[in-house]
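Inspection log for the structure reproduced underneath, given as structure tokens.
Worth saying up front: this structure is predicted, and the values here are computed from it rather than measured.
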Amino acid sequence: MKITLIKPNIGIRAYSGQADNASMEPLQLGVLAALTPPDIEIKMYDDRLEAIPFEESADLVAITVETFTACRSYEIAAAYRAAGNPAKILMGGMHVTLLPDEAQAHADSIMTGDAEDKWPL
């Protein structure tokens, strides 16, 4: 199994006037990676610092969604689908917990609340 973890940017880096150039480590991705069994391959992408390879194969793409990254998170999910990538899209985070119906419209599945008690596969 292969899982891709994504930390979205505030906006699209190439042309967004609201691009987040901060590079503080995305703690939530590290926590999920640490909770994942070692036989599962993990890739992590920080959209603030690097391009996301939407065509790269994965079984699951997990996107952490904060309110200020929600629009970009939904763009990322759409880009995976537009690339013909069959990966399932999972969204979680504070925004998903607060607005689950909105997030569900952009994902195959959502996770509300803290991931620590739900993530271990």
Side-chain angles (χ1 to χ4, degrees):
M1 179 176 210
K2 182 176 176 182
I3 299 174
T4 299
L5 303 175
I6 297 177
K7 167 67 174 163
N9 191 19
I10 290 174
I12 299 173
R13 285 179 286 126
Y15 56 84
S16 174
Q18 298 182 12
D20 179 8
N21 293 320
S23 58
M24 198 159 87
E25 296 296 324
L27 179 60
Q28 57 275 64
L29 299 187
V31 169
L32 293 180
L35 292 171
T36 303
D39 60 323
I40 295 177
E41 183 181 347
I42 297 274
K43 291 271 190 160
M44 293 191 287
Y45 294 102
D46 188 337
D47 186 44
R48 300 168 303 167
L49 304 172
E50 60 194 329
I52 298 170
F54 298 110
E55 70 289 338
E56 185 176 83
S57 69
D59 298 298
L60 178 69
V61 173
I63 304 170
T64 181
V65 186
E66 297 162 296
T67 299
F68 52 87
T69 66
C71 288
R72 178 63 180 146
S73 299
Y74 303 154
E75 289 174 356
I76 289 169
Y80 268 97
R81 292 189 173 114
N85 196 316
K88 297 294 183 187
I89 305 292
L90 170 68
M91 291 186 174
M94 185 57 68
H95 188 77
V96 175
T97 299
L98 295 173
L99 295 168
D101 293 336
E102 177 186 290
Q104 183 65 70
H106 301 276
D108 295 301
S109 187
I110 61 170
M111 183 180 293
T112 59
D114 293 331
E116 287 85 345
D117 61 342
K118 299 176 189 89
W119 184 258
L121 307 171

Smallest separation among heavy atoms of Trp119 and Leu32, with atom names:
NE1-O, 3.1 Å
If you group Ile, Leu, Val, Met, Phe, Trp and Tyr by side-chain heavy-atom gaps below 4.5 Å, do Met94 and Leu27 land in one group?
no
Any idea how Tyr74 and His106 line up, ring-wise: parallel (<30°), tilted (30 to 60°), or perpendicular (>60°)?
parallel
Quick one: closest heavy-atom pair of Met91 and Ala107, and the distance?
CG-CB, 3.9 Å
Drop me the distance from Leu5's CG to Leu90's CG, to the nearest 0.5 angstrom.
9.5 Å
Mind checking the CD1-CD1 spacing from Ile42 to Ile3? Nearest 0.5 Å is all I need.
4.5 Å
Would you say Val65 ends up clustered with Phe54 if hydrophobic residues are merged whenever their side chains have heavy atoms under 4.5 Å apart, either directly or through other cluster members?
yes
Has the side chain of Lys2 got a donor or acceptor atom that lies under 3.5 Å from a matching backbone atom of Ser57?
yes
Heavy-atom closest pair (Ala51 atom, Tyr45 atom, distance to 0.1 Å) is O-CD2, 4.1 Å
Compare every heavy atom of Thr4 with every heavy atom of Tyr80, then report the nearest pair and how far apart it is.
OH-CG2, 3.8 Å
Step by step, work out the side-chain contact (heavy atoms from CB on, under 4.5 Å) result for Ile63 and Arg72.
CA-CA 10 Å; Ile63 304 170; Arg72 178 63 180 146; over 6 Å; no
Given the rule that I, L, V, M, F, W and Y join up when any side-chain heavy atoms are under 4.5 Å apart, are Leu35 and Met1 in one cluster?
yes
What about Ile40 and Leu60, same hydrophobic cluster or not, with Ile/Leu/Val/Met/Phe/Trp/Tyr joined at side-chain heavy-atom distances under 4.5 Å?
yes
Return the minimal non-hydrogen interatomic distance between Ala87 and Asp108, and the atom names on each side.
O-OD2, 4.0 Å
Hey, does the side chain of Thr97 reach the backbone of Gly113 with a donor-acceptor pair shorter than 3.5 angstrom?
yes
Check Lys7 with Glu66, please: is the shortest side-chain N to carboxylate O separation under 4.0 Å?
yes
At their closest point, which heavy atom of Asn9 faces which heavy atom of Arg48, and how far apart are they?
OD1-CG, 3.4 Å
Side-chain contact test, heavy atoms from C-beta onward, threshold under 4.5 Å: evaluate it for Arg81 versus Ile89 and give yes or no.
yes
Counting distance only, does the side-chain N/O of Asp47 pair as donor-acceptor with the main-chain N or O of Ile52 below 3.5 Å?
no
